[in-house]
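Naming: A, B, ... by sequence-line order, numbering from 1 per chain.
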Amino acid sequence: MNPFEIALVTAEALSKNPEVKEAVAVKPGYVNFSLKGDVYKRELQKLITDSAYFNSDYGAGKKINLEFVSANPVGPLNIVSGRAASYGSALTSLLKRAGYDVTSEFYVNDYGRQMDLFGISVKERYFELCEEGYKAQIPEGGYLGGYVTDLASKLREEKGDALYDEYRGKEFDLKKNFFRAWGLERMVEAQKKTLESFGVVFDRWFYESELHEAGEVKEALSIVEKNGHIREEDGARWFKTTKFGDDKDRVVIKQDGEYTYFASDIAYMRNKLEKRGAETIINIMGPDHHGYIKRLEAIIQALGRGLEGLEVLILQQVNLLEGGEKVKMSKRAGKIVTLDGLMEEVGKDAARFFFVMRNYNSHLDFDISLAKEQSDKNPVYYVQYAYARVCNIFGHASEKGAETGPEKNFAAADFSELNEEEAGLVTSVLDIGDVMTEAAVKRSPSLLVQALNGLVSSFHSFYNMHRVVGGGREAERLFILSALKVALEECFEILGITKRERM
RNA sequence: GUGCCCGUAGCUCAGUAGGAUAGAGCAACAGCCUUCUAAGCUGUGGGUCGGGGGUUCGAAUCCCUCCGGGCACGCCA
């Protein structure tokens, strides 16, 4: 049987279904079919009344730990984190709707060398303020950003010179000192605040130090050692990651007896899997971490699990341009382009939208001057405008005394003959649920953005061709718009975009 | 050198669990407001899907190879 013959048989069978209006086979092997109007009407009704209409049980309650952003607490969040936050947050929502049991998580690297250097940097800037002529000695790899000086003056406001008197001339404990602890707290606070105003909230903030304090790093290493994956060389202890496809073994305990960051990661992954029962771990990381994938794969296997339990998504680089010229984004260089700054320039909604417009594996050029300059032509306005228009129609309908409640309009609506624009709008609305599931499965919120654009485009076309209030099919159209409004709200919520009732 | 990502319209990019005539926005051009918001709509022009080979009834999508761009390859985190 060739494809067309199969299509013929299928079309014939479909035609017998009482909900099918028409089904025709098309070469080379497609079946085009349409449903009866009442089917659409019934589905729209479900969408309006059931808040879980777009959800699916695809994930069957599987436990996923989704980690993203996880920026070191040594500075304000930058634009790379912004992309991660935007993407990760949308993906979290999508996975939850697709029936997964998701925990979104931010890992705070508050234990290692970076944190030590940050503590020193804060101390030096503080000393600079306390002592006339003191020249801050920021060590190699320390933090030169102006925010460190700001922190220092805030600290001086709080404490005066008390800390200067306490710490001056004494040996400085890199791990246990006020500056480090205080700076950490301030930075995490600041990052949380930034994320909150960006509309991103994590289920859990997990501190690396928790693992050390609970002895889990030691514990995890002994398990890996018991499984035969540790060796000693040059006074250091190595995890034999080459057994799992890495190109070289990795140090877990340095010559000086300190654990490496990688050692914490073993404990961290074990914590997610064993202590908290995650069945799948998803890590969203920057492109500079792709060399880390093999190491993570080694960990999960050394813990006796399969590779299918780990998924590493490399979110590609963001190139920030200003007037076509590249802006360098190194945290350590001190010349920082922050997420707060971006929101101020282009607005939260535009930033959130831009960051998920393209898929995670593509580089992203973000021209800040362009986004700013063309802000009224920004694609996010296109979708927000549709929502405002819908709201406006309902407002107008009320003024004219029309029935706006979906229940009554459902009863009055005749869906037997939808025109082209009505039908297009209805199918676009109903399609959103499938798109959400697909976007979750493919880890591509950009698919939802695309569908949302299509949906909104259907609406704008419809709007320009047909009147709703006093257009002759008022109940039908208001009923459709009730459903559209719900669909838009759901999409906006996932993408973190504000519903604007007026524009 | 090795690994990963990318190469699609003038520009920025969607689309890659193989399927119909490859899409959108911006830019260009021509129209649409006495009527629910013109931040909108309608139409026109614009393509060797980086090149070449292969698999298939069918390839932007899968395989091989080459070219071009980006990033990463620490007892850093």
Side-chain angles (χ1 to χ4, degrees), chain A residues 2-4 26-30 32 70-72 74 109 111-117 141 208 233-238 246-265 286-294 312 314-317 319 321 331-332 354 357-367 370 374-386 388-400 402 438 441-442 444 446-447 449-451 453-454 456-457 459-471 474 477-478 481 500 502-503:
Chain A
N2 66 42
F4 184 63
V26 185
K27 283 181 180 172
Y30 296 93
N32 290 338
S70 299
N72 285 341
V74 293
N109 301 131
Y111 192 81
R113 176 105 183 114
Q114 298 307 314
M115 205 59 231
D116 299 346
L117 291 168
E208 183 184 2
E233 185 188 318
D234 297 336
R237 299 184 73 72
W238 301 68
D246 199 3
D247 49 12
K248 55 180 288 194
D249 289 343
R250 307 291 169 173
V251 170
V252 285
I253 302 178
K254 296 186 262 183
Q255 270 183 350
D256 61 9
E258 290 281 323
Y259 292 111
T260 61
Y261 177 82
F262 182 50
S264 308
D265 260 3
D288 50 330
H289 282 75
H290 83 256
Y292 216 72
I293 297 175
K294 286 287 178 205
V312 181
I314 297 295
L315 197 57
Q316 291 297 326
Q317 187 185 331
N319 292 320
L321 310 174
K331 231 178 219 176
R332 299 187 178 90
F354 267 103
M357 261 168 51
R358 43 199 54 111
N359 210 350
Y360 65 88
N361 50 6
S362 288
H363 298 200
L364 167 57
D365 281 340
F366 201 123
D367 194 317
L370 201 74
Q374 302 191 332
S375 63
D376 56 330
K377 288 186 175 175
N378 198 305
V380 73
Y381 290 115
Y382 184 68
V383 299
Q384 287 181 313
Y385 187 56
R389 269 184 160 174
V390 172
C391 292
N392 195 60
I393 292 169
F394 278 109
H396 185 76
S398 298
E399 269 174 39
K400 296 280 178 184
E438 192 189 355
V441 171
K442 291 186 175 171
S444 298
S446 59
L447 292 175
V449 175
Q450 201 189 344
N453 263 313
V456 163
S457 170
F459 168 68
H460 285 310
S461 295
F462 162 84
Y463 181 91
N464 272 272
M465 282 213 227
H466 307 288
R467 280 193 69 79
V468 177
V469 180
E474 205 167 275
R477 291 174 182 168
L478 283 171
L481 292 193
R500 298 173 65 175
R502 306 197 70 81
M503 285 178 76

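Rounded to the nearest Å, the gap between the P atom of B/rC5 and that of B/rA14 is 15 Å. Only the P atoms considered, B/rG47 is 23 Å distant from B/rU42, to the nearest whole Å. Distance check on atom C1': B/rC62 versus B/rC71 gives 26 Å, rounded to whole Å. If you take atom C1' in B/rC29 and the same atom in B/rG46, they sit 12 Å apart, rounded to whole Å. Rounded to the nearest Å, the gap between the C1' atom of B/rU65 and that of B/rG43 is 44 Å. B/rC57 and B/rC13 have their C1' atoms separated by 33 Å, given to the nearest Å. Rounded to the nearest Å, the gap between the P atom of B/rC73 and that of B/rC64 is 26 Å. Comparing B/rU48 with B/rA60, their C1' atoms sit 13 Å apart, to the nearest whole Å.
Within the 4.0 angstrom heavy-atom criterion, no nucleotide atom of any strand lies near A/Phe394. Note on A/Arg358: only backbone sugar-phosphate atoms sit closer than 4.0 angstrom, heavy atoms only; bases stay farther off. A/Lys294 comes within 4.0 angstrom of nothing in the nucleic acid, heavy atoms only. Within 4.0 Å (heavy atoms only), A/Asp234 reaches at least one base atom of the nucleic acid.
Salt bridge status for A/Lys442 with A/Glu438: present, with a side-chain N to carboxylate O gap under 4.0 Å.
Here the side chain of A/Arg477 pairs a donor or acceptor atom with the backbone of A/Arg467 at under 3.5 angstrom.
Atom OH of A/Tyr382 sits about 4.0 Å away from atom OG of A/Ser457, to the nearest 0.5 Å. Atoms CD and CZ, on A/Gln316 and A/Arg358 in that order, are 13.0 Å from each other to the nearest 0.5 Å. A/Tyr381 contributes atom OH, which lies 5.5 Å from atom CZ of A/Arg500 (distance to the nearest 0.5 angstrom). To the nearest 0.5 angstrom, A/Gln450 atom CD is 11.0 Å from A/Met357 atom CE. Atom OH of residue A/Tyr261 and atom CD of residue A/Gln114 lie 10.5 Å apart, to the nearest 0.5 angstrom.
Two residues, A/Leu447 and A/Phe262, neighbour RNA chain B, and the one matched to the more 5' nucleotide by heavy-atom proximity is A/Leu447. Heavy-atom distances to RNA chain B give each of A/Ser444 and A/Val469 a nearest nucleotide, and the one nearer the 5′ end belongs to A/Ser444.
Using cut-offs of 30° and 60° on the angle between ring planes, the pair A/Phe462 and A/His466 is tilted.
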Name the pairs: protein N/O against N/O of nucleotides 3-5 of chain B, kept only if under 3.5 Å.
{"from": "B/rG3", "atom 1": "N2", "to": "A/His290", "atom 2": "ND1", "distance (Å)": "3.3"}
{"from": "B/rG3", "atom 1": "N2", "to": "A/His290", "atom 2": "NE2", "distance (Å)": "2.6"}
{"from": "B/rG3", "atom 1": "N3", "to": "A/His290", "atom 2": "NE2", "distance (Å)": "3.1"}
{"from": "B/rC5", "atom 1": "O4'", "to": "A/Gln316", "atom 2": "NE2", "distance (Å)": "3.4"}
{"from": "B/rC5", "atom 1": "O3'", "to": "A/Asn361", "atom 2": "O", "distance (Å)": "3.4"}
{"from": "B/rC5", "atom 1": "O2'", "to": "A/Asn361", "atom 2": "O", "distance (Å)": "2.4"}

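Side-chain N/O atoms of A/Lys442 include none lying less than 4.0 angstrom from OP1 or OP2 on B/rU61.
Residue-to-nucleotide contacts include a donor-acceptor pair under 3.5 Å from the side chain of A/Asn32 to the base of B/rA20.
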Requested in this report: Would you write the dot-bracket representation of RNA chain B, where each base gets (, ), [, ], | or . depending on whether it forms a Watson-Crick or G-U pair under 3.5 Å and with which partner?
Outcome: (((((((..((((.....[...)))).(((((.......))))).....(((((..]....))))))))))))....
